[in-house]
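The next block holds one structure in the form of structure tokens; read it before the comments.
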Amino acid sequence: MIKIITDSTSDIDIEYAKTLKIEIVPLKVIIDGKDYKDRIDLQPSNFYELLEKSSVLPTTSQPSPQDFLDLYEDAKNQGDSIIVITLSSQVSGTYQSACIAKDLADYNNIYVIDSFNATQGLRLIVEKAVKLRNEGKSVQEIVNIIEEYKHRVHILAVVDTLEYFYKGGRLSKTSATMGTLLKFKPIVGLEDGKLVLISKARGTQKAISKIIDIIHEIGDIDLNEPICIGYTGNDDGLDKFEDILKNEFHFSNPSHGFVGPVIGTHAGPGARLIAYISQ
């Protein structure tokens with residue numbers, strides 16, 4: 001058997017994880033000094049309620065090596081192979097914890113993959129690994145394919161407010177205030193595994209047009225691969241965002257995902273994103 005493990009920043013809920021037959025290791029979210037296990041003690045909807053009330057930006061902490069080791073030991077006892085796909089090492093120490101646990105497990109059949117991704121991008125990578133496993137691919141075949149595939153996975157998001165970039169130290173108070181007054185919408189994404197402010201545009205419509213331009217620059221969407229539309233806080237206006245992208249790129253039936261605390265802390269509520277695989 002091949003056991004697939006990811007972490008909670010994949011934004012795969014517990015019930016869906018059971019359907020996929022994967023294990024999820026939760027990160028912790030710290031809000032006003034209180035610890036919560038992501039998607040166990042704290043669901044995304046509750047997180048955004050707390051985020052809007054909190055004067056201090058929440059922080060997250062990676063799982064401990066022991067959190068991974070417990071799952072490794074179970075798989076080792078069953079004689080299973082293990083593939084671990086984690087949040088980008090540029091965003092969190094989760095990958096490092098998984099690697100430390102691998103050393104402690106003293107078991108050769110563990111493969112730890114740094115996804116260089118997060119949220120719905122990580123979800124697409126995990127779903128690909130599950131699909132390959134279901135097709136009967138060997139553990140080494142899956143690892144080789146995923147190591148190549150992950151570099152084609154992209155996330156682009158329109159952020160509704162600059163407030164959380166200011167709180168997180170990514171923008172000055174002056175820039176955030178001016179940006180808000182001018183109705184600037186930041187466009188963020190992951191580049192080489194790092195969360196970056198790629199561009200900004202005045203108003204949501206122009207921001208979506210900018211995302212379209214960026215996708216064309218990267219290389220168009222591979223329509224043979226799944227696409228995910230994600231959101232933070234609530235899904236108001238998500239259908240408009242989705243329809244504009246559908247009309248431009250001619251895709252149908254994307255999956256939808258609620259972005260959790262790790263990316264949601266920086267983006268704040270009201271963000272809209274597309275995760276896709278480039279050609």
Side-chain angles (χ1 to χ4, degrees), residues 9 11 48 51 57 87-88 90-91 115-124 151-222 227-249 251 254 256-279:
T9 67
D11 293 330
Y48 288 103
L51 177 66
L57 207 62
L87 170 65
S88 171
Q90 303 298 309
V91 175
S115 75
F116 280 91
N117 237 290
T119 185
Q120 309 306 326
L122 175 52
R123 170 183 165 175
L124 291 179
H151 296 293
R152 296 169 53 210
V153 179
H154 304 278
I155 299 178
L156 291 165
V158 179
V159 176
D160 191 50
T161 171
L162 293 162
E163 178 186 352
Y164 297 93
F165 278 93
Y166 161 63
K167 283 184 177 179
R170 291 169 183 266
L171 277 178
S172 68
K173 176 71 171 173
T174 305
S175 294
T177 303
M178 285 301 295
T180 301
L181 287 172
L182 294 170
K183 297 185 177 176
F184 274 133
K185 301 294 182 186
I187 295 152
V188 301
L190 286 160
E191 289 184 355
D192 298 323
K194 295 176 185 168
L195 182 65
V196 293
L197 181 61
I198 297 172
S199 185
K200 53 184 183 290
R202 288 188 74 172
T204 303
Q205 191 75 31
K206 287 183 178 175
I208 298 171
S209 294
K210 187 65 183 174
I211 281 184
I212 288 169
D213 291 343
I214 293 167
I215 292 172
H216 283 306
E217 286 167 22
I218 290 170
D220 284 345
I221 296 171
D222 186 342
I227 293 163
C228 187
I229 301 293
Y231 62 96
T232 64
N234 62 68
D235 61 359
D236 296 345
L238 189 68
D239 51 353
K240 183 182 176 185
F241 173 80
E242 182 178 319
D243 287 345
I244 293 169
L245 293 172
K246 277 181 175 175
N247 289 338
E248 176 69 22
F249 295 107
F251 62 84
H256 296 91
F258 199 168
V259 177
V262 174
I263 300 301
T265 291
H266 299 289
R272 306 285 173 259
L273 71 80
I274 179 170
Y276 71 95
I277 290 82
S278 60
Q279 292 179 354

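In this chain, residues are counted from 1 in sequence order.
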N/O donor-acceptor pairs under 3.5 Å from side chains in residues 189-198, not counting sequence neighbours:
none

- Message: Looking at every heavy atom in both A275 and G121, which two are closest together, and how far apart are they?
- Response: CB-N, 3.8 Å
- What's the shortest heavy-atom distance between G219 and S278, and which atoms? O-CB, 3.7 Å
- Task: Can you label the angle between the Y231 ring and the F258 ring as parallel, tilted or perpendicular, going by 30° and 60°?
- Result: parallel
- Which residues pass the side chain to side chain contact (heavy atoms under 4.5 Å, CB included) test with A207, sequence neighbours left out? V158, K185, I187, A201
- Of I208, I212, I214, the one forming a side-chain contact (heavy atoms from CB on, under 4.5 Å) with K210 is I214
- Query: Taking all atoms of both residues into account, what is the closest heavy-atom pair of G257 and R123, and its distance?
  - Reply: CA-NH1, 3.8 Å
- Item | Interatomic spacing from CD1 in I221 to NE2 in H216 - rounded to 0.5 Å | 8.5 Å
- Query: For the side chain of T232 and the backbone of V259, is there at least one donor-acceptor N/O pair under 3.5 Å apart?
  - Reply: no
- Message: Has D11 got a side-chain atom pairing as donor or acceptor with G260's backbone, closer than 3.5 angstrom?
- Response: yes
- Supply the atom-to-atom distance D239 CG to K246 NZ, rounded to the nearest 0.5 angstrom. 9.5 Å
- Task: For A157, check side chain to side chain contact (heavy atoms under 4.5 Å, CB included) against everything at least two apart and list the hits.
- Result: V188, L273
- Taking the side chain as every heavy atom from C-beta outward, state whether D235 and H256 have any pair of such atoms under 4.5 Å apart. no
- Message: Could you work out, with salt bridge (charged side-chain N to carboxylate O under 4.0 Å, His left out) as the rule, every residue matching R272, not counting sequence neighbours?
- Response: none
- Task: Identify the heavy atoms of S115 and S88 that sit nearest to each other, and give their distance.
- Result: OG-N, 3.7 Å
- H154 side, atom NE2; I274 side, atom CD1 - distance, nearest 0.5 Å: 11.0 Å
- Of all heavy-atom pairs between P254 and E242, which one has the smallest distance, and what is that distance? CG-OE2, 3.6 Å
- Task: List for me each residue that meets salt bridge (charged side-chain N to carboxylate O under 4.0 Å, His left out) alongside D220, sequence neighbours excluded, and say none if there are none.
- Result: none
- Task: Mind checking salt bridge (charged side-chain N to carboxylate O under 4.0 Å, His left out) for K240 and listing every partner two or more places apart, or none if nothing turns up?
- Result: none
- Task: Give a yes or no on whether the backbone of D222 and the side-chain of Q279 come within a donor-acceptor separation of less than 3.5 Å.
- Result: no
- dist T265:OG1 -> Y48:OH (nearest 0.5 Å) comes out at 7.5 Å
- Between G233 and P269, which heavy-atom pair has the shortest distance, and what is it? CA-CB, 4.0 Å
- Can you tell me how far CD1 of I227 sits from CD1 of I277, rounded to the nearest 0.5 angstrom? 7.5 Å
- Pairwise distance CD1(I215) to OH(Y276) - rounded to 0.5 angstrom: 4.5 Å
